[in-house]
Amino acid sequence: MAEPKTNELMEKIVSLCKRRGFVFQSSEIYGGIQGFWDYGPLGSELKRNVKELWWNAMMRAREDVVGLDATIIMHPQIWRASGHVDTFSDPMCDCLLTKRRFRADQIEPQSGIAYHYSGASDPSTGKQVAEPYSVLLPPGKPPESARRTATQFYAGRGLAQVELQGERTEKVEGSTRYNPENGSLLTEARPFNLMLKTYVGPVADEDNIAYLRPETAQAIFAQFKNVLETSRQSVPFGIGQIGKAFRNEVTPRNFTFRSREFEQMELEFFIRPDEAVEVLAGGVAQAAAGGWKGSPASDWGWEVWHKYWVEQRVQFYEDIGLPRTSLEEYWQKPEELAHYARATVDILFKFPFGTQELEGIAARGDFDLSQHQKHSGKSMEVFEEELKNAWGRLEEAKRQDLLRRTTEARLQALRKKGVAEAEAGPQAAAEAKAFVDKLARGVYIPHVIEPSAGADRLILALICHAFHEEEVTDDKGKKETRVVMRFHPRVAPIKVGVFPLLKNKPELVRKAGEVRDLLRPHMSVFYDDAGAIGRRYRRQDEAGTPFGVTIDFDTLGETPDLKETVTLRHRDSMKQERVPITELVARLTAAIRGA
RNA sequence: GCGGGCGUAGCUCAAUGGUAGAGCUCCAGUCUUCCAAACUGGCUACGAGGGUUCGAUUCCCUUCGCCCGCUCCA
C-alpha cells in the first residue's frame, strides 16, 4: 500500500473509533494527555472479550496454568533485581547543530583539536550571541572547517552575518562530548528514566520512592513460591496475569499502539532445566522432530516448549480472527538477544503504519528467578522427589558426562559475557558443580518461557483488521460507501442487534422487546428502534455487530406460515434469512462459538 | 526532548478584525414492510491561556493535542 494511503486509512480508523465509541483520548475535555487512551462503550466490550478469551485459552482450558492478580506498585527492590532501575534509564544527548539525538553511552570517543568559541556577533546589525560553542576537529583537518561549522551554529542562532569571538584551541583525547559525524558539541547528557515514579506514604522523599510496574511479569516471579505452594501445581506449569503496566515512553505514537499506560497479558511458564529433563526422561526431545505441534511430553526441553508456546499463541490469534497471513513471526538473531534470553520470537501484525510487535515469546532461562533469589535472599528453588530418585538410578558415567557438558556450557556463557579466560575456567567448574550437586538432590531453579502480549495492541490490531470500506449499490443504482467492522463474532462488542421494523407500532415494539429479553441472557444485545431499518443495519455494521434480528408484521402472524419467525441479517454478506424465534438462541450461540 | 505540518459542530468543508454557515451524522416526530429513503422540527464548534485592539475565530506570544521525521522501545 502506498504511504499516504496508509496514513489516510489510519486516520479513518481513528475517526471511526471516536465516532462509534471504541477509543477516546484520555482527558479530552482538558486538551488530552499524550500517550493515554480510554475505551468507550464498544471498546470496553471488545477489550473485555479479548481479555476473557485470553484468560480462558491460557488458563481455564488448561490443567497446567493458574492465574494471579498482583498490585501495580510493588517493593522497589523488585525493579533493582529485574534490572529495570539500571537498564530503563538511558543518558541521552543532542547535537547542538543538527539536533540529532544520541545515546550518550554509545558515542565513540573522539580525539583531535577542539576549537572553542565564547560567542559571535553580527557586524551588520551589532547583534550579539554570548552562547559558548565548540567544534572538535579530527587530526589533519584545516581550521577553516571548524570555523565553518561554528559559523553554521551561530547562523542558526539568528545571526545573518557571523563574526566568531574568543577562538581558542585545546588538544582533546577520547572525548564523547562531540558528534562523531560533524564534530559539533553535544548537549549535556540527560537521563531518561522510562519507569513512572511515585511515592508511597504521605511523605514524598527519596526513601519512599516506588515505581508503577513497567511489566506485569515481575510480580509473577516474586510470587512464584506462594503460587507453587498453594495451587497444587508442579513444574512444568505456568502463572498468567492480565494487568496494567506503565512506561514513560519518549514518544507515544501510532494511536494506542505505544501508550504510557497499557495492559499486558503475560504468561510465565516454568519448566525444568534441560539437564533435569535429561535425568528424568533419559533425553531431551529435539525441536526439529516437530513435537511442539502436539501435546506436552515429559522429555520436552526449553526449545520444544518455546516453539510450542509460539504455536499456541499464533493459534490463539487465529481463533479470534487474525489469520496467519496478517501476522509475521520474527525470530531474533543471536546477537539481538538480551543477555538473559536464549531465544525470542516476536509475533508481528501488519498495521497500516507498519508491521509491529503484538507479542514477544522469550525463553529466559532461570535469569529472573535467580535474580530474585539473589536480591531477596529467599529460595526460588523447587524440589522433585522423582528427580532425586532418577539421579540415584543414573550410571556414574552419565553423571560425569552431564557435569562435563554443564561445565562446557557455563564456560561458553562466561566467555560470551567477556569474563577473562583465567577466571572463566574455575568459575564455570564451580558453578557447574554446584548446579549438578543440587540436581542430584532433586533441586533446581526453574527456567521460564514467557509469552507476553499487549492487550491494547491486540485490540488495535483487531480494529485495523476488521475495518473495511466497500462500495454498495442500492436499488436505485446509487453508489455509496459502506463501512463495516468485520470482527470475529467471538470478539465483537455486540453480538446481535434487535429491531422492530417500525417504531410506531406498539405490537412490533412489544414483540421485539420479547426477542431482546430472550437473547440477552446469552449474549450482548443492542436494541434499536430509531429511524429507518437500513440505517440501523448500517449503524451496527460500523459497530461490527455480526447479526441483526428484525421483527415485522409476519412475525406477528400477518402471513400465517411466517408467524413467530424473524429476519436474521448477516453483517458480512448482508444476506437475510427467515428464522423461527425458538431457534434463535441456538443458532446465534453456535455461530458465535463456531464461526 | 528536537525539527516540520496541522487544530472551526460527531464528520467533511466554508466565511470573517464587528460576534460563525452548509452537507452528512445525531436527537424528536410522521410513515404497513428490510440496507444510511422522504418530509417536519431540534442540539452541537472557532483546542486552551495571555497580549494587541473599542472589539480577536481572524494579528502576536505561550501552552496543549494530533500527524510526519529524529530518538527510544530492557
Side-chain angles (χ1 to χ4, degrees), chain A residues 3-4 7-8 10-12 14-16 18-21 24-36 79 82-90 92-103 106 156 187 190 192 194-195 214-215 217 247-255 257-258 260 337-341 344 346 353 356-357 360 362 364 452 454 472-476 478 480-484 499-505 507-508 530-542 548-556 558-559 566-571 574-576 578:
Chain A
E3 268 311 305
N7 292 338
E8 257 173 57
M10 206 51 217
E11 274 170 34
K12 281 179 182 168
V14 172
S15 162
L16 178 127
K18 184 179 177 186
R19 183 156 36 94
R20 286 298 171 197
F24 305 125
Q25 199 179 13
S26 168
S27 324
E28 197 192 70
I29 59 167
Y30 290 102
I33 175 165
Q34 208 186 9
F36 297 88
W79 307 112
S82 68
H84 285 86
V85 172
D86 296 328
T87 61
F88 237 52
S89 59
D90 298 323
M92 310 287 296
C93 51
D94 302 311
C95 172
L96 283 165
L97 193 63
T98 60
K99 306 293 181 200
R100 200 198 137 118
R101 169 152 299 175
F102 295 89
R103 283 269 299 267
Q106 286 177 359
T187 59
R190 283 165 304 196
F192 275 50
L194 298 187
M195 278 198 290
E215 62 171 35
R247 296 181 192 181
N248 223 342
E249 297 287 353
V250 179
T251 314
R253 276 292 158 85
N254 290 327
F255 199 28
F257 183 80
R258 178 168 298 136
R260 289 184 167 137
L337 289 173
H339 64 280
Y340 48 74
T344 298
D346 291 334
F353 47 82
Q356 300 271 0
E357 183 185 341
R364 294 169 67 97
S452 166
V472 187
T473 312
D474 68 11
D475 300 342
K476 298 158 202 117
K478 210 178 93 187
E480 57 187 13
T481 308
R482 180 172 86 116
V483 175
V484 53
F499 318 115
L501 189 61
L502 293 167
K503 185 186 185 178
N504 60 344
K505 295 290 175 257
E507 58 278 26
L508 282 180
I533 187 68
R535 181 181 296 272
R536 283 177 270 166
Y537 285 153
R538 292 298 173 81
R539 254 201 293 260
Q540 292 308 308
D541 286 343
E542 282 201 341
V549 167
T550 302
I551 287 79
D552 61 13
F553 291 97
D554 285 337
T555 312
L556 302 174
E558 195 159 278
T559 307
V566 293
T567 302
L568 178 62
R569 184 255 189 186
H570 298 263
R571 174 194 68 199
M574 294 197 282
K575 293 233 169 71
Q576 303 189 349
R578 204 75 200 178

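Naming convention: chains lettered A, B, ... in sequence-line order (proteins, then strands); numbering from 1 in each chain.
- Base pairing annotation: B:C59 forms a Watson-Crick or G-U wobble pair with B:G51, both donor-acceptor distances under 3.5 Å.
- Remark: P of B:C26 and CZ of A:Arg20 are 7 Å apart, rounded to the nearest angstrom.
- At a threshold of 4.5 Å between non-hydrogen side-chain atoms, the residues A:Trp79 and A:Glu215 count as touching.
- Taking atom C1' in both B:G3 and B:U8, the straight-line distance is 27 Å, to the nearest Å.
- You'll find the side chain of A:Phe499 stays beyond 4.5 Å of the side chain of A:Thr567, heavy atoms only.
- With sequence neighbours excluded, the residues forming a side-chain contact (heavy atoms from CB on, under 4.5 Å) with A:Ser15 are A:Arg19, listed by chain and number.
- Spacing between atom CZ of A:Phe255 and atom C1' of B:G65 amounts to 14 Å, rounded to whole angstrom units.
- When both distances must be under 3.5 Å, the Watson-Crick or G-U wobble mate of B:G23 is B:C11.
- Comparing the P positions of B:A36 and B:C61 gives a spacing of 50 Å, expressed to the nearest Å.
- Remark: C1' of B:C72 and CZ of A:Phe257 are 13 Å apart, rounded to the nearest angstrom.
- For the P atoms, the distance from B:U53 to B:U63 is 23 Å, rounded to whole Å.
- Using C1' as the reference atom, B:C24 and B:A38 are 16 Å apart when rounded to the nearest Å.
- With a 3.5 Å ceiling on both atom-pair distances, the Watson-Crick or G-U wobble partner of B:G69 is B:C2.
- Comparing B:G10, B:C34, B:A36 by their nearest atom to the side chain of A:Asp552 picks out B:C34.
- Scanning for side-chain contact (heavy atoms from CB on, under 4.5 Å) contacts around A:Asn254 gives A:Phe257, A:Phe353, with sequence neighbours left out.
- Between A:Met195 and A:Asn248, every side-chain heavy-atom pair lies at or beyond the 4.5 Å cut-off.
- Side-chain contact between A:Met574 and A:Val472 is present, with at least one heavy-atom pair separated by less than 4.5 Å.
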Nucleotide N/O of nucleotides 28-32 of chain B paired with protein N/O under 3.5 Å:
| unit_1 | atom_1 | unit_2 | atom_2 | d |
| --- | --- | --- | --- | --- |
| B:G29 | OP2 | A:Lys503 | NZ | 2.7 |
| B:C31 | OP2 | A:Asn504 | ND2 | 2.8 |
| B:U32 | OP2 | A:Lys505 | NZ | 3.3 |
| B:U32 | N3 | A:Glu558 | OE1 | 3.4 |

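- When the C1' atom is compared between B:C34 and B:U40, the two are found 24 Å apart, to the nearest whole Å.
- Distance check on atom C1': B:G21 versus B:G69 gives 37 Å, rounded to whole Å.
- A sub-4.0 Å separation between OP1 or OP2 of B:C26 and a side-chain N or O of A:Arg539 is present.
- A donor-acceptor contact under 3.5 Å links the side chain of A:Glu542 to the base of B:A36.
- Residue A:Ala532 places its side chain closer to B:A37 than to any other of B:C11, B:A37, B:C34.
- Spacing between B:C11 and B:C68 at atom C1', rounded to whole Å, works out to 23 Å.
- For the pair A:Leu194/A:Arg260, no side-chain contact is recorded, criterion being any heavy-atom separation below 4.5 Å from C-beta on.
- In summary, of the residues considered (A:Arg536, A:Arg569, A:Arg571), a salt bridge (charged side-chain N to carboxylate O under 4.0 Å, His left out) with A:Asp541 occurs for A:Arg569 alone.
- Following rounding to the nearest Å, A:Arg19 (CZ) and B:A9 (P) show an atom-to-atom distance of 15 Å.
- Within the nucleic acid shown, A:Tyr340 comes within 4.0 Å of sugar-phosphate atoms alone, with no base atom in reach, counting heavy atoms only.
- Residue A:Ile533 is in sugar-phosphate contact alone, with no base atom involved, counting any heavy-atom pair closer than 4.0 Å across all strands shown.
- Side-chain atoms of A:Ser15 and base atoms of B:C11 include no donor and acceptor less than 3.5 Å apart.
- At least one side-chain nitrogen or oxygen of A:Arg535 sits closer than 4.0 Å to the OP1 or OP2 atom of B:U25.
- Across B:A36, B:C34, B:C72, the shortest atom-to-atom separation from the side chain of A:Glu249 is found for B:C72.
- When the P atom is compared between B:G50 and B:G17, the two are found 24 Å apart, to the nearest whole Å.
- For B:C67, its base never sits under 3.5 Å from the side chain of A:Arg253 at any donor and acceptor pair.
- Atom CZ of A:Arg260 and atom P of B:C72 are 16 Å apart (whole Å).
- Considering only side-chain N and O atoms, A:Gln34 lies nowhere under 4.0 angstrom from the phosphate OP1 or OP2 of B:C64.
- Proximity of A:Arg539 to A:Arg20: side-chain heavy atoms (C-beta onward) are separated by under 4.5 Å at one or more points.
- A:Arg536 comes within contact range of no nucleotide atom at all, as no heavy-atom separation falls under 4.0 Å.
- The side chain of A:Asn254 contributes no N or O atom lying less than 4.0 Å from OP1 or OP2 of B:C66.
- Atoms NZ (A:Lys18) and P (B:C66) sit 12 Å apart, rounded to a whole Å.
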